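Here's the structure, in structure tokens; my notes come after.
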Protein chains: 2
Amino acid sequence: MDEIDELLSIRAAELYYEENKTQDEIGQALNLTRWKVGRLLAQAKHRGFIRIEILHPRARRLPIERRVREERGLADAIVVSSAGVSSAEELQARTAQAAADYLTALRPVPRTLGVSWGRTLFEISQHLRNGWATGVNVVQMNGGVSLNRRAGTAAATAVAISQKGGGQATLLPSPAILERLETKHAIESDRVVAGVIELARSADAYLFSAGAADHNSVHVESGYLAPGDVDLLVAKGAVGDVVGRYIDSDGNIVDPALDARTVGLTLDEIRNAPLAIAVVAGPAKHAVADAVVRSRLCTVLVTDESTALHLLDG
Amino acid sequence: MDEIDELLSIRAAELYYEENKTQDEIGQALNLTRWKVGRLLAQAKHRGFIRIEILHPRARRLPIERRVREERGLADAIVVSSAGVSSAEELQARTAQAAADYLTALRPVPRTLGVSWGRTLFEISQHLRNGWATGVNVVQMNGGVSLNRRAGTAAATAVAISQKGGGQATLLPSPAILERLETKHAIESDRVVAGVIELARSADAYLFSAGAADHNSVHVESGYLAPGDVDLLVAKGAVGDVVGRYIDSDGNIVDPALDARTVGLTLDEIRNAPLAIAVVAGPAKHAVADAVVRSRLCTVLVTDESTALHLLDG
DNA sequence: CCCCGTGGTGCTCATGTGAGCAGGATCACC
DNA sequence: GGTGATCCTGCTCACATGAGCACCACGGGG
């Protein structure tokens with residue numbers, strides 16, 4: 001196609017998309033047959049001169065979803081549009097909303113849902129509507145009775161999800177990470193704790209997020225890890241954590257000793273789940289998202305557009 | 001329309017615009033009749049959820065052009081799209097290109113074209129193609145033999161436009177602004193100068209830009225005005241200049257004494273022209289653009305999207 | 001309890017649009 | 001200069017879509 005046709009296709013596109021003229025009218029205006037106009041418009045689309053965006057907080061990017069699903073081998077992928085997003089909070093909110101929508105539409109409805117906790121999960125719980133399901137029981141997948149002012153967030157998340165879904169919440173009454181291995185063994189052998197973990201293992205589905213390996217992590221905020229600990233993990237290749245377990249870009253445990261002191265389901269238990277929904281969004285989490293998907297920690301991914309595109313670059 | 005319909009319209013739009021499904025297929029997917037889908041899509045468009053942009057350096061915004069024409073009473077308006085523009089230079093280039101296109105397509109072809117000079121005009125001259133017209137003579141509208149390194153730019157502009165248009169250039173051999181009123185009178189009574197100005201008065205069309213009243217002005221750069229002079233003009237209400245004459249937001253001369261020492265066509269002579277094409281783009285020139293249009297200094301305006309929208313706010 | 005206005009639904013029909021095809025111009029190559 | 005391949009053009013036809021209309025459900029008022 002030469003330059004003059006390119007220009008014509010732009011003129012035609014202006015008249016077609018901005019002025020709502022018919023191809024026939026455009027033909028008269030530009031002295032072309034209506035078929036030529038049709039071809040010019042097709043060219044303009046094909047060459048990427050026409051961008052169509054759906055501007056809405058609930059808008060998704062289906063073509064990207066499909067590519068993520070196919071190229072990264074996921075059972076499902078939900079990619080929220082970032083068109084018109086002004087703040088990181090809004091992106092987070094959109095993603096949480098999408099995750100809530102996904103849960104709501106999920107069939108068959110899980111009877112028992114294992115959940116992690118954190119900012120993302122809390123927000124999802126807030127976006128779920130009352131009655132999003134009937135009789136969904138929720139069980140925590142990992143320890144996390146917080147040590148600080150945010151205490152109760154983890155519990156509130158699980159409780160909100162279960163209550164809105166007409167079911168019961170089962171909390172895991174244990175810290176996320178224990179200081180001594182013996183204590184961890186001790187707590188795990190507690191009948192209640194062991195029972196909860198057993199229940200979590202039997203869940204029909206898991207819903208969890210992933211954290212970036214940086215100083216803003218919930219683990220630092222909650223006091224389970226010091227900023228220095230995180231630096232050390234990063235030095236060993238950590239890109240983030242899933243249910244409190246830090247992984248490198250291949251999804252392998254970075255620090256086995258630390259991992260052994262972490263209470264909750266193991267990554268392999270999650271990997272073997274038939275339905276594991278990871279909700280990971282935001283530029284800071286590009287690397288973890290990639291690790292999660294690459295190491296098959298999830299079967300379903302809910303994320304934002306830019307993270308999804310990052311996954312497709314690899 | 002309630003919220004559930006809004007959501008449905010977004011889902012429908014995704015399938016329609018991103019997945020290229022037919023309304024019928026969408027209907028099957030969402031359990032709707034195909035007419036309902038059509039209505040939902042119409043709603044989505046109507047509510048502004050669908051944004052269609054034409055991404056191309058030559059793209060124009062016809063609806064904005066029309067509004068500018070009608071609401072500001074211009075014979076014509078050319079508004080270049082700023083979709084996908086990364087730098088101020090690119091915006092400038094797009095506008096210059098559009099002005100060149102407009103000139104090229106102009107009918108009837110002007111026999112004599114009066115031009116001003118400056119960065120914008122120079123760029124337009126560069127974007128014109130050889131043979132854009134046959135036999136267009138160009139005459140300078142205002143003085144401007146530059147005092148500094150840029151000397152010759154004004155002349156080069158007029159010469160390029162005329163040569164590419166197969167005609168002759170007539171230069172106005174005079175400074176833009178003289179220091180003493182007597183010198184100005186003297187130079188204007190020079191037979192050659194008077195002849196050129198007379199020729200300029202008789203031009204079929206004028207093509208000029210406008211400068212912002214700031215320290216980056218060509219007048220400061222060329223040494224006709226000191227930065228302090230500009231500050232003074234701004235203090236008196238100046239928003240910019242047209243053919244070297246500084247105007248306030250109503251298009252009135254800000255400093256009659258300075259204006260009297262300025263060589264070239266007067267603003268009223270331009271106002272009386274049947275065809276006066278102003279090319280004004282860039283955020284810095286929003287105010288001048290408004291003054292130019294408000295005071296009817298031009299019959300045709302070539303500008304960029306954001307400047308045009310600024311004009312429509314008033 | 002019925003009646004009528006309102007808004008939404010599913011339809012018919014006319015129009016707009018894309019796929020596919022035959023003919024003809026263009027150009028390289030023989 | 002002929003010949004074949006290739007691309008483009010203008011067309012037919014089938015399909016997709018929007019306008020307009022009759023109908024029905026709902027709800028308020030008589």
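These numbers were taken from a predicted model, which means no experiment stands behind them. Proteins come first, then strands; the chains are lettered A, B, ... in the order of their sequence lines, and each starts at number 1.
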Atom of B:Tyr17, atom of B:Lys45 and distance for their closest heavy-atom approach: OH-CE, 3.3 Å

Length of the line joining A:His46:NE2 and C:dG18:C1', which is rounded to integer Å: 16 Å

Atom-to-atom span, NZ of B:Lys36 to P of D:dT17 - whole angstrom: 17 Å

CG on B:Leu103 to CG on B:Leu207, rounded to 0.5 Å: 5.0 Å

Pairwise distance CD(A:Glu70) to CG(A:Leu312) - rounded to 0.5 angstrom: 10.5 Å

Check the interface with nucleotides 19-22 of chain D: list each N/O to N/O pair with the protein under 3.5 Å, or write none.
none

Neighbours of DNA chain D within residues 11-24 of chain A, by heavy-atom distance under 4.0 Å: none

Distance below 4.0 Å between A:Thr33 side-chain N/O and D:dG10 OP1 or OP2: yes

Side chains of A:Asp304 and A:Thr307, donor plus acceptor under 3.5 Å: yes

Value rounded to 0.5 Å, distance of CH2 in A:Trp35 from CG in A:Asp24: 8.5 Å

Between CG on residue B:Asp101 and CH2 on residue B:Trp132, distance to nearest 0.5 Å: 12.0 Å

Rounded distance (Å) that lies between atom C1' of D:dT17 and atom CG of B:Leu41: 10 Å

Euclidean distance, atom CG of residue B:Leu40 to atom P of C:dG10 [Å, nearest integer]: 11 Å

Nearest-angstrom distance from the residue atom CG of B:Leu32 to P of C:dT9: 9 Å

Flag side-chain contact, heavy atom, 4.5 Å: B:Leu8 against B:Val37: no

Residue pairs, two or more places apart or on separate chains, that pass ring pair (Phe, Tyr, Trp, His ring centres under 6.0 Å) and touch residues 52-104 of chain B: A:Phe49-B:His56

Separation of atom CZ in B:Arg34 from atom C1' in C:dT12, rounded to whole Å: 10 Å

Residue pair B:Arg47, B:Glu6: steps toward the salt bridge (Lys or Arg N to Asp or Glu O under 4.0 Å) verdict: CA-CA 10 Å; B:Arg47 296 257 221 122; B:Glu6 179 168 329; 3.4 Å; yes

Between C1' of C:dT9 and CG of B:Leu8, the distance in whole Å: 15 Å

Rounded distance (Å) that lies between atom C1' of D:dC8 and atom CD1 of A:Ile4: 15 Å

